[in-house]
Amino acid sequence: MSLHSVPGPIGIFDSGYGGLTILEGIRRLMPEPDYLYLGDNARAPYGTRSFEVVYQFTLQAVKRLFDEGCHLVILGCNTASAKALRTIQQNDLPEIDPSRRVLGIIRPTVEALGGLTRSGHIGVFGTPGTIRSRSYEMEVSKLYPDFQVTGQECPMWVPLVENREADSPGADYFVQKYVDMLLTADPKIDTALLGCTHYPLLIRKIRNAVPREVQVITQGDIVARSLRDYLARHPEMDAKISRGGSCRYLTTESASKFSEMGSLFLSKHIEAESIIL
Ligand code: DGL
């Protein structure tokens, strides 16, 4: 068998812990494949970094996941999906290996939004990088030109999660602040998307902060269903995924720190390995 046909795990990448919320959704729906998670915790957060830096960091991570045997990599990070995905797909993949695939999470999320909003007014909470890229507005306007999207930058939410302050009373202030800013900008919003994979760790506080009629949407299950459909439509890729039900965790930070925090986020014990990108 050539290296190109040896089955490998599905790679999931995020700047830090946030992609674990995507991994969780995917593993719930598809427990059989092997998975390889990579968190670039040493360089997180990405949300306030420039386009070029997010692109370079993401490309390094994708190459590493390919080197580890992944044929398919999911960018479980909105910031990387917004700023790096297209360039990697169009410029880098053809050179690295045209048979491998890198998928993002913005397009599948937008596809699902159509069935969720009644008012057609959608709010998106995201990192400054995701919101300023206007990726959600652009994707929504292609599929649902009548919908109105309002983005809200939440620069404090990722640091709260990464520093284990998501459940602290201090987080309430910053949750309420960005919720109020979003709903003041468009009071007709009935669907608020957590457009950053870290934010589900704050969901209890976010749900308490929004009015009852506003539904709060996370991406894990949406991305999982979309990936399952993708693999059904691409049997050639499906055949390249190994199926032992395992999951390895790589981090650019200390392995023990990731193991401790990751175990908290996933509510089960995990052992991470430290790598240098
Ligand atoms: N979790 C990532 C996202 O979905 C990025 C968070 C960050 O590193 O700022 O946007």
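In what follows, every heavy atom counts, from backbone to side chain, and hydrogens, waters and symmetry copies are set aside. We count ligands from 1, going down the list as the structure has it; atoms in each ligand are counted the same way.
Within 6.0 Å of CD in E95 there are 12 or fewer heavy atoms belonging to other residues, nucleotides or ligands. More than 12 non-hydrogen atoms from other residues, nucleotides or ligands lie less than 6.0 angstrom from CZ of R243.
For T48, no heavy-atom contact with ligand 1 is shorter than 4.0 Å. Counting heavy atoms under 4.0 Å from ligand 1, residue V158 touches it through the side chain alone. Only the side chain of T127 comes within contact range of ligand 1, with a heavy atom under 4.0 Å; no backbone atom does.
Remark: ligand 1 and H198 share an N or O pair separated by less than 3.5 Å (distance only, no angle test). Residue C196 places no N or O, backbone or side chain, under 3.5 Å from any N or O of ligand 1.
Under the 6.0 Å cut-off for aromatic ring centres, F13 and Y37 do not qualify, their centroids lying 6.0 Å or more apart. Remark: aromatic rings of W157 and F174 are distant, center separation not under 6.0 Å.
Between S246 and D34, the side chains place a donor N or O and an acceptor N or O closer than 3.5 Å (distance only, hydrogens not considered). At a cut-off of 3.5 Å, with distance as the only test, a side-chain donor of T79 or T127 sits close to an acceptor on the other residue. Side-chain N/O atoms of Q60 and D40 include no donor and acceptor closer than 3.5 Å.
The protein non-hydrogen atom at the shortest distance from atom 10 (O) of ligand 1 is T79 OG1, 2.7 Å.
Of all atoms in ligand 1, listed by their number and element, those nearer than 4.0 Å to a heavy atom of P45 are 7 (C), 8 (O), 9 (O). Close approach to S15 involves these atoms of ligand 1, each under 4.0 Å from a residue heavy atom: 5 (C), 6 (C), 7 (C), 8 (O). Atoms of ligand 1 found under 4.0 Å from any heavy atom of D14 (numbered from 1 in listed order, with element): 1 (N), 2 (C). Atoms of ligand 1 found under 4.0 Å from any heavy atom of G47, numbered from 1 in the order shown, are 7 (C), 8 (O), 9 (O).
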